[in-house]
Amino acid sequence: MSFEKRIAQAFSNGTALPLCKCSRYAVFSDCHRGCGNMSDNFLRNQHLYFAALEYYFREGFYYLELGDGEELWENRSLARIQEMHNEVYRKMEQFKKRDRFCKIYGNHDMELKHELPESIYLKNREGGRDVHLIHGHQADFFNSVCWKVSRFLVRYLWKPLEQFGVNDPTSAARNHRKVHKYEKHMAETAESKDIYLIAGHSHRPHLVEDELYVNVGSCVHPWGITVLEIENMRMSLVKWYMGTRAERTLCVEREILEEEIPIK
């Protein structure tokens with residue numbers, strides 16, 4: 001099956017939500033929440049993530065998560081992950097109770113595919129292009145079709161080697177050649193279908209005016225987390241990071257990386 005067919009299949013297994021001038025969506029991806037051990041890449045940014053969730057809940061945003069929320073390639077137990085990051089899941093429950101929560105699965109949490117949709121569809125009620133959101137592994141053969149092989153290699157080979165600084169060459173987030181190939185596939189799909197296609201997977205944030213492919217980035221950057229905000233029919237790419245006040249105290253900062261680009 002080609003990547004076009006895999007992406008089309010993902011579109012058919014999705015959840016539909018409205019998109020209009022009053023819509024407010026905060027789009028996260030690739031949190032990779034783990035068990036709190038040395039390989040838990042989310043751990044260093046959990047305070048930034050929690051601060052972001054507090055902000056978006058207070059400001060009335062709808063929370064969207066585009067897969068790889070849980071790191072189930074390196075960890076076998078979802079219950080242990082939830083126990084380790086219980087404050088985060090409590091905040092998610094608040095979004096759920098307000099009916100402002102939707103998450104899909106990616107390749108690193110493929111085990112949840114029977115519980116979660118594969119895509120999100122934002123139906124544009126203002127007359128412009130529709131917006132489709134997927135994790136993005138569908139455009140990556142090794143991490144979609146061969147995901148069980150990839151999981152085996154990550155769990156038993158690359159996870160131990162990561163402790164010594166050896167990167168996984170099969171990862172789209174760490175292999176530049178794979179990243180460029182992935183982005184080319186995603187951009188071609190968006191252009192051919194004349195839709196906005198928002199994804200994660202590569203961990204490389206991307207938002208450029210007049211381009212239909214958008215990438216949220218991830219929550220495991222060494223310098224912070226990135227979030228895509230959709231508000232008033234515009235998209236903004238935002239970075240959350242640790243800043244310093246004049247009195248030399250630390251604080252969580254929110255910075256707009258790419259200014260509002262209209263959805264048209």
Side-chain angles (χ1 to χ4, degrees), residues 1-17 25 27-35 39-42 62-85 88-89 92-93 95-96 99-122 131-156 158-159 168 170-173 178 182 185-186 189 193 195 197-203 214-220 228:
M1 184 185 294
S2 66
F3 76 86
E4 294 98 339
K5 289 182 179 179
R6 292 194 297 270
I7 292 175
Q9 187 178 63
F11 288 168
S12 67
N13 178 30
T15 294
L17 295 170
Y25 292 106
V27 188
F28 293 74
S29 189
D30 294 85
C31 296
H32 292 275
R33 291 178 288 269
C35 292
S39 62
D40 187 349
N41 294 320
F42 174 74
Y62 198 115
Y63 179 94
L64 302 179
E65 187 172 284
L66 303 188
D68 284 8
E70 284 72 40
E71 179 49 74
L72 293 175
W73 280 12
E74 295 184 0
N75 307 283
R76 295 174 180 271
S77 173
L78 177 60
R80 285 188 61 193
I81 294 173
Q82 292 171 333
E83 181 182 3
M84 176 62 207
H85 300 292
V88 166
Y89 289 100
M92 287 182 177
E93 283 300 320
F95 280 94
K96 290 178 183 178
D99 197 24
R100 288 160 39 196
F101 182 92
C102 185
K103 66 183 290 189
I104 61 179
Y105 67 87
N107 52 307
H108 279 253
D109 50 9
M110 189 81 77
E111 290 89 337
L112 304 179
K113 67 179 181 179
H114 299 299
E115 304 173 23
L116 301 174
E118 193 176 3
S119 67
I120 299 169
Y121 167 50
L122 301 183
V131 179
H132 285 263
L133 302 96
I134 61 176
H135 176 64
H137 63 285
Q138 295 86 353
D140 182 343
F141 177 83
F142 202 72
N143 283 292
S144 56
V145 177
C146 303
W147 72 272
K148 289 186 178 180
V149 175
S150 298
R151 182 182 63 182
F152 177 86
L153 292 173
V154 166
R155 186 173 290 173
Y156 299 109
W158 302 119
K159 179 183 176 182
D168 176 3
T170 67
S171 170
K178 285 178 67 70
Y182 164 76
H185 287 340
M186 298 295 281
T189 301
K193 295 184 178 295
I195 57 169
L197 182 56
I198 301 176
H201 187 57
S202 70
H203 294 197
V214 179
N215 198 290
V216 178
S218 83
C219 293
V220 293
L228 183 74

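Note that the structure is a prediction, hence the values are computed from the model and not measured. Keep in mind that the numbers below use all heavy atoms, side chains included, and drop hydrogens, waters and symmetry copies.
The closest side-chain heavy-atom distance from Asn143 to Trp73 is below 4.5 Å. The side-chain heavy atoms of Glu70 and His85, taken from C-beta on, include no pair separated by under 4.5 Å. Here the side chains of Leu78 and Leu112 are in contact, with some heavy-atom distance below 4.5 Å. You'll find the side chain of Asn13 stays beyond 4.5 Å of the side chain of Gln9, heavy atoms only. For the pair His137 and Met110, the minimum side-chain heavy-atom distance is below 4.5 Å. Inter-residue side-chain proximity for Met92 and Glu65 is flagged as met; some heavy-atom pair is nearer than 4.5 Å.
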Take Ile134 and Phe11, measure what side-chain contact (heavy atoms from CB on, under 4.5 Å) needs, and give me the verdict at the end. CA-CA 8 Å; Ile134 61 176; Phe11 288 168; 3.9 Å; yes
Worked verdict on His203 versus Asp30 for side-chain hydrogen bond (donor to acceptor under 3.5 Å, both in side chains): CA-CA 7 Å; His203 294 197; Asp30 294 85; 3.1 Å; yes
Verdict with supporting geometry, Tyr121 and Ile195, side-chain contact (heavy atoms from CB on, under 4.5 Å): CA-CA 11 Å; Tyr121 167 50; Ile195 57 169; over 6 Å; no
Pair Glu118, Tyr105 - check side-chain contact (heavy atoms from CB on, under 4.5 Å), show working. CA-CA 6 Å; Glu118 193 176 3; Tyr105 67 87; 3.4 Å; yes
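Between the side chain of Asp40 and the backbone N or O of Gly34 there is at least one donor-acceptor pair closer than 3.5 Å. Looking only at distances, no side-chain donor or acceptor of Gln82 sits under 3.5 Å from a matching main-chain atom of Arg80. Without hydrogens or angle criteria, Asp109 side chain to Leu72 main chain gives no donor-acceptor distance under 3.5 Å. Looking at Glu4, its side chain never comes within 3.5 Å of a backbone N or O of Arg6 through a donor-acceptor pair.
Residues satisfying the side-chain contact (heavy atoms from CB on, under 4.5 Å) criterion with Ile104, sequence neighbours excluded, are Leu66, Pro117, Ile120.
Interatomic distance, Ile81 CD1 to Glu74 CD, rounded to the nearest 0.5 Å: 9.5 Å. Here the OG-CD distance, from Ser119 to Gln138, works out to 8.0 Å after rounding to the nearest 0.5 Å. Note that CG of Leu197 is 6.5 Å distant from OG1 of Thr189, once rounded to the nearest 0.5 Å. Note that CG of Leu228 is 5.0 Å distant from CD1 of Ile198, once rounded to the nearest 0.5 Å. Going from atom SG of Cys102 over to atom CG of Leu133 covers 9.0 Å, rounded to the nearest 0.5 Å. With rounding to the nearest 0.5 angstrom, the CG atom of Leu153 is 5.5 Å from the CZ atom of Phe142.
With 3.5 Å as the limit, one finds no donor-acceptor pair spanning the side chains of Asn107 and Ser150. Remark: the His201 side chain and the His135 side chain contain an N/O donor-acceptor pair separated by less than 3.5 Å.
Considering every non-hydrogen atom in both Asp140 and Lys178, the closest pair reads OD1-NZ, 3.2 Å. Contact record, Tyr62 with Asp99: CE1-O, 3.3 Å, taken as the closest heavy-atom pair. The minimum heavy-atom distance linking Ala199 with Tyr182 is given by the pair CB-OH, 3.5 Å. Across all non-hydrogen atoms, the minimal contact from Cys31 to Val220 is O-CG1, 3.4 Å. The heavy-atom pair separating Val88 from Arg33 by the smallest distance is CG1-CD, 4.3 Å. In this structure, Ser29 and Gly200 approach most closely via the heavy-atom pair OG-CA, 3.5 Å.
Heavy atoms from other residues, nucleotides or ligands lying under 6.0 Å from CD of Glu111 number more than 12.
Phe28 and Tyr63 have their aromatic ring centers within a separation under 6.0 angstrom.
A salt bridge links Glu93 to Lys96: one of the charged nitrogens lies within less than 4.0 Å of a carboxylate oxygen.
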